[in-house]
Number of protein chains: 2
Amino acid sequence: MEVPRLVDHDRRRAELGEAAIRVILREGLAGVTVRGVAAEAGWSTGSLRHYFRNQHELQAYVVQATTDTLRRRVLPRVQRPRTASSVVEGIATIVEEMLPLDAERREEYALWSAVVAWERQHPPEGGSVTWNDQRAVYRQCVAALRAYEPVREPSQATLPHPDAQVELWAALLHTFVDGLAAQIMNTPGEVSADTAAQLLRSLLQAVPPARPDQGAHRPRAESATRAH
Amino acid sequence: MEVPRLVDHDRRRAELGEAAIRVILREGLAGVTVRGVAAEAGWSTGSLRHYFRNQHELQAYVVQATTDTLRRRVLPRVQRPRTASSVVEGIATIVEEMLPLDAERREEYALWSAVVAWERQHPPEGGSVTWNDQRAVYRQCVAALRAYEPVREPSQATLPHPDAQVELWAALLHTFVDGLAAQIMNTPGEVSADTAAQLLRSLLQAVPPARPDQGAHRPRAESATRAH
DNA sequence: GTTAAAATAGCACAGGCGTGTTAGCATGTG
DNA sequence: CACATGCTAACACGCCTGTGCTATTTTAAC
């Protein structure tokens with residue numbers, strides 16, 4: 001049996017995923033055509049179709065590859081150890097890693113938004129990809145709130161901040177972050193990065209856990225990276 | 001000079017706008033093609049092109065017509081006079097008119113979302129349409145907070161709730177509403193209408209103006225419909 | 001070198017799109 | 001009735017799309 005050259009299919013597919021991401025940023029996921037992506041990657045359509053039988057397979061892979069790329073880019077930033085000058089500032093700096101406050105994060109949000117819009121009009125049978133990311137954002141909100149929770153005396157350890165309360169605040173923070181990101185993206189120039197950052201801090205001031213906020217706080221290290 | 005039959009152009013355009021809305025709900029604004037909309041309306045492409053010279057004119061009109069339709073549908077509901085059992089409930093019922101909590105409002109949000117996505121990738125030179133709607137939502141939040149503000153004694157009229165504070169809370173509420181709507185739409189079945197309604201009330205409880213919330217409150221009638 | 005399989009490149013077809021153009025229909029006025 | 005003009009329908013062209021198919025090139029094993 002003769003074995004001709006073997007090409008690392010996964011490597012080629014990943015290489016094509018990067019080209020697809022450029023296409024998505026330019027034209028959206030609907031612009032991911034067989035011919036277009038092949039041209040962007042410098043391939044011929046015949047070559048591309050050796051790795052993806054049809055457009056549907058291509059788009060399904062691109063959706064998965066895009067979300068994987070986003071996870072690899074965002075998660076390390078969010079979980080990076082940090083020291084903050086206050087509780088509000090600590091939570092804010094964590095959450096801001098997920099907001100489109102600069103070109104890099106705008107690009108990430110545009111990609112994520114494209115995938116969300118795609119899945120809304122093409123409900124996948126094999127389980128949604130974006131719902132997992134939504135849960136991940138929620139868990140990061142929980143982690144942020146827990147990490148920068150004011151250190152409590154052992155006597156009142158469970159009373160003021162039971163887990164149910166933290167999870168409720170995390171859900172509120174998660175929803176607020178979603179809205180803030182959407183406003184920054186949808187009205188460029190109208191809602192600036194500065195006003196967004198101030199709004200975020202205003203919300204954190206209003207939500208109970210940050211109320212007694214004076215002086216520096218350090219994150220509880222063991223829970224800063226535990227969540228996933 | 002001979003004048004043949006005269007057709008009410010505006011009426012025909014409006015008739016076509018309704019067909020276009022059906023197309024948008026099915027395929028998004030990118031699916032608004034000359035041929036497709038003509039077929040949906042039961043016209044020939046030649047007829048349609050008597051009212052719109054090219055696709056760009058058609059899409060520009062459809063964007064405007066869609067937002068106008070949305071304003072006509074949503075605004076009366078939001079500004080409808082209502083009596084609530086509490087401050088939180090009063091604000092919540094107003095804000096909920098803008099949330100995709102049932103089929104009708106889901107349709108409205110899908111239309112609005114399609115226009116937003118369209119304008120993000122096709123920045124209009126003649127000023128954004130969706131930004132005006134965003135401002136309108138914000139003003140409705142201000143109006144809701146003012147209308148259901150607990151009635152105060154004249155002596156402390158200006159101290160606890162200066163306008164700057166109300167506007168800040170309105171901005172927070174507006175952002176939260178944006179996020180809540182996005183979550184309901186993007187994760188159907190995962191974030192239900194009930195949990196969304198509860199989340200909204202939790203936020204209103206946490207935000208200062210609703211803190212002293214016990215007993216029934218009536219809206220301050222003169223400010224319930226003033227805002228626009 | 002020979003060979004067989006993998007990889008690549010490209011053509012061909014059908015279908016949808018925007019749009020320019022043209023022919024036919026309908027109708028208020030003379 | 002005749003007619004000029006607004007409306008309607010349809011065709012034609014070029015471009016882009018997915019996809020089936022084939023020819024060519026490359027490469028590892030014999």
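We use all heavy atoms of the structure for the numbers below, so side chains are in, but hydrogens, waters and symmetry mates are not. Just so it is clear, the model here is predicted, and its values are computed rather than measured. We name chains A, B, ... by the order of the sequence lines, and we start the count at 1 in each one.
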Are any of [X]'s side-chain N or O atoms less than 4.0 Å away from OP1 or OP2 of [N]?
X	N	answer
A:Tyr51	C:dA7	no
B:His9	D:dG6	no
B:Ser44	D:dT8	no

What's the closest nucleotide to the [X] side chain, out of [options]?
X	options	value
B:Arg35	D:dT8, D:dA12, D:dG18	D:dA12
A:His50	D:dT8, C:dA7, D:dT17	C:dA7
B:Gln55	D:dT8, C:dT19, D:dG18	C:dT19
A:Arg49	C:dT19, D:dT19, D:dT8	D:dT19
A:Thr33	C:dC17, D:dG18, C:dA7	D:dG18

Are the aromatic rings of B:Trp43 and B:Tyr51 close, with centres under 6.0 Å apart?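 Ring centroids of B:Trp43 and B:Tyr51 are less than 6.0 Å from each other.
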
Looking just at side-chain N and O atoms, do A:Ser47 and A:Ser44 make a donor-acceptor pair shorter than 3.5 Å?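 Yes, because at least one side-chain N or O of A:Ser47 sits under 3.5 Å from a partner of the opposite role on A:Ser44.
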
Judged by modelled atom types alone, do A:His174 and A:Gln140 share a side-chain donor-acceptor pair under 3.5 Å?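 No.
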
Any A:Arg120 side-chain heavy atom under 4.5 Å of B:Pro188 side chain: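 Sidechains of B:Pro188 and A:Arg120: no contact.
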
Whole-Å gap separating P (C:dT19) and CG (B:Asn54):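 For the pair B:Asn54 CG and C:dT19 P, the rounded distance is 5 Å.
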
In this structure, how many angstroms lie between the P atom of C:dA7 and the CZ atom of A:Arg11, rounded?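 Checked: the CZ to P distance equals 16 Å.
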
